[in-house]
Structures are given as structure tokens and as C-alpha cells.
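Before any comments, here is the structure.
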Amino acid sequence: MTNGKDNSLLHDLRSKCASLKSAAELYKDCSPAEKKEMLALMNAAAADITRLLAQLGQP
Amino acid sequence: MNKLHILVLEDDKLAQKVMSAQLAAHDAEVVGDLPAALKKIAGGAYDIGFFDLMLGPDDDYSGLKAIAAAAARGIYCVVVSSSDSDEIIDRAYALGARDFYAKGNEESNVADILRKFIQNRKAAGAADIFTSAFITCDPETRAAAGEALKYAPTELPIMILGPSGTGKTSLAKILHEHSGRDGAFVSINCSAYTEDLLEAELFGHKKGAFTGAAEARKGRLLEAHCGTLFLDEIGTMSLTMQMKLLKAIEERSFYPLGSEKPEKSDFRIISATLEDPQDLIARGKMRFDLFQRVHGYTISLKPLSRRACDVAPLLQHFTKGGRRLSFTQEAKAYLEAYSWPGNVRELKKFTDLLSSGAEGRVDLQTVQRHLKGRPEGIAAAACPGDDGLYAYALAHGLEAALDKVSGDLITRSLRENGGKRTRTLTDLKISTRLLYATLKRLGLDGDGEKK
């Protein structure tokens, strides 16, 4: 059973993963400048995902 | 393409970037919190709003408040959120959202939403089709055709039901024109071909595939690539042919006759039939699986006798640009009360006949002279007290007028009950004897169609 905190973490996780997926699909069509900006945002999202996973694993 | 003015409410930076990229061809503004969104909504004129619901950690779906404000200003609200529980979806729609998508598939979803929005706006502004391409002032027919137009820009197959001459092909063309599909409108009347010829027409053939195939020929399925394939009188197709067509629809590929190389075609199906498809299935004349593939949205067109208000505008339309005619009140009333078994097509031919005649002013006698001897079929849908019915009674006598009314009501009930006589007996509270006597008198079969 998940509690309120877990629900919030899971929502954020789904949201970040979805954005990362959409960004990855879009990446190939970006200009070099956009790719650079996109990659930075994707890295930040990936870091957020790692952080959220860590929080989710905490008792 | 017209640029749309779009507002995006999204707190996540990467999601903002994704949405901005997807909306690059339009005039899009992106905000990250509720107060900024409400300010923009109050001060701007947006066509579409894309709304995330949870704005920041532990937020209580504050995006919903933006939906209510935007919907109140007539903005087409679309939710793109990771919060897609039934409760949240329900709340969003209740507040005025028009679409709800889970995040993660923006590449295809956003394009679909924009295409649908543009086509719907085009369809809404296409009210003039009812005074030009598809003449009708009958509210029921306008509503049905208007509803069908909403599905024009989708991939959904459309089935058009209605008697011969009611404008099924015209409507199919209009649906294609509003579909946004780049390909051609390709029409084929399935009843006009034998099974072998229909197969060659639909799938095409290689040179020498059969006797007489001197040249290779592209089939209609391939001609309809990226366009619309209109299958008229689909109910007349043999079961074997239905099976072959079903396979082609499912796989979007087929083999031309005599060819071992499959052809691919991305066609959208619109079909039409005079008969009740459920009845065709029950009688084993139509495969249920094919029906499932072709009946995504169904529209029924009423016979002209049940939309008498369309007779005058159609007469006017058919004489537009040519010799104009004038009709006396009695002539108009008679024409409106006439049954028009051939529907709009028959009215068109009748108008052509009058246009080439001697009299520019058409009176009751002229009309009666031209319509005399035609199979009158079913009586017009006139109500007691209608001028048309009164004119008919004056012309044919009261008994004949009453027979017309009873015949029409029984026929209509049978149609609406899918030919089930027991339901008609119950609905109209009539005896079996009266039902059969009326059908026999009018020369109608049990389904209410003329033999």
C-alpha cells in the first residue's frame, strides 16, 4: 500500500520519465544549439529521477 | 496554415521545452505557475490551452483552476498530465477540459490535437455547406451532418445510411473535403460490378492477369492512398469480396490481380448502404467483422418525403444560374406533399424537365401532369393540417389522403424498428390485419420498401 508521500513521489517520477521520453523522441530533430540546451535539461531530469528513486527507497 | 494562439501551463522545465518545440509553428506562450496562467488567460485571446495539473511538489492540482478560467473564456482546454486517475480526469472534464492526455507521447498527441482543433473550427465555420454543397434546412438532417463533420478529420470510418438519391455521395465528398487528407476522393459503387470485376477495380491488376487485361491498372484502393475510399452500396458486395476487402483494410496492403508484390495504401473508408446493416448481418449478407471495420460513426439520411422543408430550397438551388422558375402556392404544396421515391435525384430530374418546358410559371396542373404515372411510393410526411396534405386531399380525395398518411406512418415505424412488424404493431397500436392490408395496398414488402 502506498501512502500520500509515495503517491506524490510516484507522480513526480512518472512526470519526469514522461518528459524525458518525449525529449528523447524530439532530440534528433533539434538544431545543435537546441540539442545542447535539451541535453542539459535531460541531464537535470535524469538527476531528479535518481533523487526521486532514492527517496522512494527510503523507509 | 493559420497560426494558433496557444497557452501552455507547465512547471517542469524539460516538459516546457518539449511543448515549445511541438508548438514551434504556432504562437505559443509558456508559463510555469497558476498566477501567471490566470493573468495570461484574463488578458489574452487564446485558441487552445495546454494545462498540466500538479504544479510543483505537493501541489493540490492547482492546474484545474486554470482550466475553469480558460474554459469560461472559450479557450479549448487540453490537459497533458501525469495525474490521470479517473477522479482527476472526471474533475478536469467537469471544469471544461475538452481533451485529456497522459504525458509522455507529445510528439503524436500534440499534432493530433492541433489537427483536430483546426478541422473542427473549419467544420464549425462550414455551416454554408447546407446552402451550397448539401442543401438542407431540416434541423434533424443538419444536426446529423454537422455531427458527422466533427468526425471528418479523424481516422474513424464513417457509414452513411439512407435510401437511394438522398445525397450519400455528396455527403461523403464533403466529409473527405473536411478530412484534411491530401489524397483523392475515390468512389466506387459496389453494386455496379460483378464479383470478379469489383476485385479488379478495387485491387487493380497486372497486364495479362485475366482475359482482356491488356494493360496493368491501378486499383481504387491505391488511388485512394492518403485520401478517402467511398464504397457505395457496400451491402451488395459478395461475402468472398468482403473477406478480401477486410484483409486489405486490416493490413492496409493487398495484392493486385496477377501480382505477387503487395501494394500499400493508407486510405480512409467511408461507406454507404440503402439497407439496414444489422439486418444484412442477420440475413448473412454482411460479415460482422467487416461491419465492425467500416461503421465507426454512422449517419442516417432521411428520405426527401420526411424533410419536405427541403423541397423549395432544392428547387431554387437546381435552377440557380439557369432558367428560373416560379411556382404557385398550390404547386409548391403539392411538391412538398409528394413522396419523391427517388428522393433528391428525382427532384433534380423533375426540375430539369420543368426548366426545359414551355412554362416559366409552374402551377398545380403542370406539376400533376409531369408527376402523373410516376410510382408514388410512400406518402409524404405531412401532418394533418399541413398545406401539402390538404392540397393532396383536394387533388385525390380524402380517402386517398388518409391512405397516404397511414401508409407513411406504418412505413416509417417499420423503418425505425428495423423492419420488425411486431414492434410496429405495438407502437402504432394497430391490428395485424390493418398492417398487412396497408402494406398490400401500397405494394410494400414487410420492411416498408416498395417491391
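Residue numbers start from 1 in every chain, and the chains themselves are labelled A, B, ... in the order their sequence lines are given, proteins ahead of strands.
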Whatever's closer than 4.5 Å to a heavy atom in chain B on Leu9(A) counts as neither
Could you list each N or O donor-acceptor pair linking chain B to chain A at a distance under 3.5 Å?
unit_1	atom_1	unit_2	atom_2	d
Asp12(B)	OD1	Lys16(A)	NZ	2.6
Lys17(B)	NZ	Glu37(A)	OE1	3.1
Asp58(B)	OD1	Ser8(A)	OG	3.4
Ser82(B)	O	Arg14(A)	NE	3.3
Ser82(B)	O	Arg14(A)	NH2	3.0
Ser82(B)	OG	Ser15(A)	N	3.4
Ser83(B)	OG	His11(A)	NE2	2.9
Lys103(B)	NZ	Ser15(A)	OG	3.0
Gly104(B)	O	Lys21(A)	NZ	2.5
Glu106(B)	OE1	Ser22(A)	OG	2.5

With the threshold set at 4.0 Å, does a side-chain nitrogen-carboxylate oxygen contact exist between Glu147(B) and Lys150(B)? yes
Would you check if there is a donor-acceptor pair between the side chains of His5(B) and Glu29(B) at a distance under 3.5 Å? yes
Angle between ring planes, Phe230(B) versus Phe185(B), binned at 30° and 60°: parallel, tilted or perpendicular? parallel
Is there a donor-acceptor contact under 3.5 Å from the side chain of His26(B) to the main chain of Lys3(B)? no
Answer with side chain, backbone, both or neither: which region of Ala45(A) has an atom nearer than 4.5 Å to a non-hydrogen atom of chain B? side chain
Test item: Ser179(B) side-chain N/O and Pro153(B) main-chain N/O as donor-acceptor pair under 3.5 Å: no
Is a donor on one side and an acceptor on the other found under 3.5 Å between the side chain of His176(B) and the backbone of Gly183(B)? yes
Has the side chain of Arg268(B) got a donor or acceptor atom that lies under 3.5 Å from a matching backbone atom of Leu156(B)? yes
